[in-house]
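Both ligands and their constituent atoms are indexed starting at 1 by order of listing.
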Amino acid sequence: MKDTFKHQGLRQQLVNVLKNKGIKDEAVLNAIGKIPRHLFMDSSFLDHAYQDKAFPIAADQTISQPYTVAFQSELLKIKRGDKILEIGTGSGYQTAVLCELGAKVWSIERQNELFKKTSKFLPKLGYRAKKLIFGDGYIGFKEEAPFDSIIVTAGAPYVPKSLLSQLKVGGKLVIPVGDDVQVMTMFIRTGPKEFAQEEFGDFRFVPLLGDKN
Ligand code: SAM
């Protein structure tokens with residue numbers, strides 16, 4: 001697993017692209033500048049690893065576009081030691097960003113192939129999530145709730161109530177909501193039964209799949 005000066009240079013260019021697109025959080029930019037994204041992708045896509053694009057990974061899924069990863073991470077305003085639940089482990093790239101930001105990460109993936117591959121791969125790079133879980137993100141992970149934040153990295157047709165209920169008061173759920181196009185939406189739990197909601201424009205994700213698809 002090689003990380004060369006060429007890769008490092010391309011990563012810095014990607015960081016500049018993200019800055020130009022409006023990402024400001026230095027910790028997020030540092031994480032993207034540090035994590036070897038090319039190692040999260042199939043070898044046939046290596047030349048594209050530092051373009052600001054989503055790319056195919058196994059099981060018909062994608063590694064998210066770096067801008068999207070940075071945007072969602074910035075919204076969470078992570079503090080060291082925060083408990084974060086990620087829905088859609090995929091390649092593990094977003095998980096690695098959360099680990100770099102000092103979060104304690106639980107992450108759920110419903111494709112067994114990706115779950116197994118990423119469970120082996122992330123520790124090799126030194127990224128140790130608290131737990132990678134093979135399961136259905138719609139139900140969250142109540143064993144470890146409540147969380148400081150929950151991040152959903154697939155397009156959700158609706159907002160799962162179980163995820164809202166697993167937030168701490170003051171906690172945030174960042175979730176792209178919609179079918180063909182999703183609106184990036186943030187819910188902040190302002191009280192035991194109260195939530196504030198804010199929207200941040202359109203994004204495109206692979207779908208958050210349910211039991212029947
Ligand atoms: N965070 C990932 C990354 O950095 O590579 C993004 C991966 S992709 C955009 C979304 C992931 O969500 C896919 O790996 C997909 O298998 C997973 N997914 C879809 N539906 C799910 C569900 N119900 N529960 C958990 N994961 C799900």
Open item on the list: Within the supplied structure, the quantity of interest is the number of heavy atoms (other residues, nucleotides, ligands) at a distance under 6.0 Å from Lys116 NZ; does it exceed 12?
Closed with: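 Result for NZ/Lys116: open.
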Task: CG (Asn112) with more than 12 external heavy atoms under 6.0 Å - done: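 Yes, because the 6.0 Å sphere around CG of Asn112 holds more than 12 heavy atoms from other groups.
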- [ ] Would you mind checking if Lys104 and Asp148 are paired as a salt bridge, meaning a charged N to carboxylate O distance below 4.0 Å?
- [x]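 Result for this pair is no, no salt bridge flagged.
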Task: Salt bridge flag under 4.0 Å for residues Asp136 and Arg110 - done: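 Judged by the 4.0 Å cut-off on N to carboxylate O distance, Asp136 and Arg110 do not form a salt bridge.
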N or O contact, [X] vs ligand 1, cut-off under 3.5 Å:
X      : answer
Thr153 : yes
Gly88  : yes
Gln111 : no
Ile63  : no

Open item on the list: For Leu167, is there any backbone N or O sitting under 3.5 Å from a side-chain donor or acceptor partner on Arg189?
Closed with: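 Here the side-chain-to-backbone pair exists.
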As an exercise, identify every atom of ligand 1 less than 4.0 angstrom from a heavy atom of [X].
X      : answer
Ser91  : 3 (C), 4 (O), 5 (O)
Leu209 : 19 (C), 20 (N), 21 (C), 22 (C), 23 (N)
Ile108 : 25 (C), 26 (N)
Val206 : 8 (S), 9 (C), 10 (C)
Ser64  : 6 (C), 9 (C)
Leu114 : 14 (O)
Glu86  : 1 (N)

- [ ] Look at atom 17 (C) of ligand 1 and find which of Glu109, Arg37, Arg204, Gln65 reaches it with the closest heavy atom.
- [x]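 Comparing heavy atoms across Glu109, Arg37, Arg204, Gln65, the nearest one to atom 17 (C) of ligand 1 lies in Glu109.
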Counting only heavy atoms closer than 4.0 Å, does ligand 1 sit against the backbone of [X], its side chain, both, or neither?
X      : value
Pro207 : backbone
Thr62  : both
Gln61  : side chain
Val69  : neither

Please state which protein non-hydrogen atom is closest to [atom] and give its distance, to 0.1 Å?
atom                    : result
atom 4 (O) of ligand 1  : Gln94 N, 3.1 Å
atom 26 (N) of ligand 1 : Arg110 N, 3.4 Å
atom 24 (N) of ligand 1 : Gly137 N, 2.8 Å

TODO: From the options Val105, Leu98, Ile87, Ile175, select the one residue that forms a side-chain contact (heavy atoms from CB on, under 4.5 Å) with Ile151.
DONE: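 By the side-chain contact (heavy atoms from CB on, under 4.5 Å) criterion, Ile151 pairs with just one of Val105, Leu98, Ile87, Ile175: Leu98.
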Ignoring hydrogens and angles, write down the donor-acceptor pairs under 3.5 Å from the side chains of residues 17-24, residues two or more places apart or on other chains.
residue : atom : partner : partner atom : Å
Asn20   : ND2  : Asn16   : O            : 3.3
Lys21   : NZ   : Asp52   : OD2          : 2.5

TODO: Quick one: do Asp3 and Arg11 satisfy salt bridge (Lys or Arg N to Asp or Glu O under 4.0 Å)? Show the steps, please.
DONE: CA-CA 11 Å; Asp3 188 31; Arg11 270 208 299 283; 2.8 Å; yes
Task: Gap separating the CG atom of Leu10 from the OH atom of Tyr50, nearest 0.5 angstrom - done: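 One finds 7.5 Å between CG of Leu10 and OH of Tyr50.
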Task: Reported CD1-to-CH2 distance for the pair Ile84 and Trp106, which is rounded to 0.5 angstrom - done: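 Here the rounded value is 9.5 Å.
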Task: Side-chain heavy atoms of Ile133 within contact of Phe141, under 4.5 Å - done: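 Yes, side chains in contact.
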TODO: For residues 66-99, pull every pair meeting ring pair (Phe, Tyr, Trp, His ring centres under 6.0 Å), keeping only residues two or more places apart or in separate chains.
DONE: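 Qualifying pairs, neighbours excluded: Phe40-Tyr93, Tyr67-Phe71, Phe71-Phe203.
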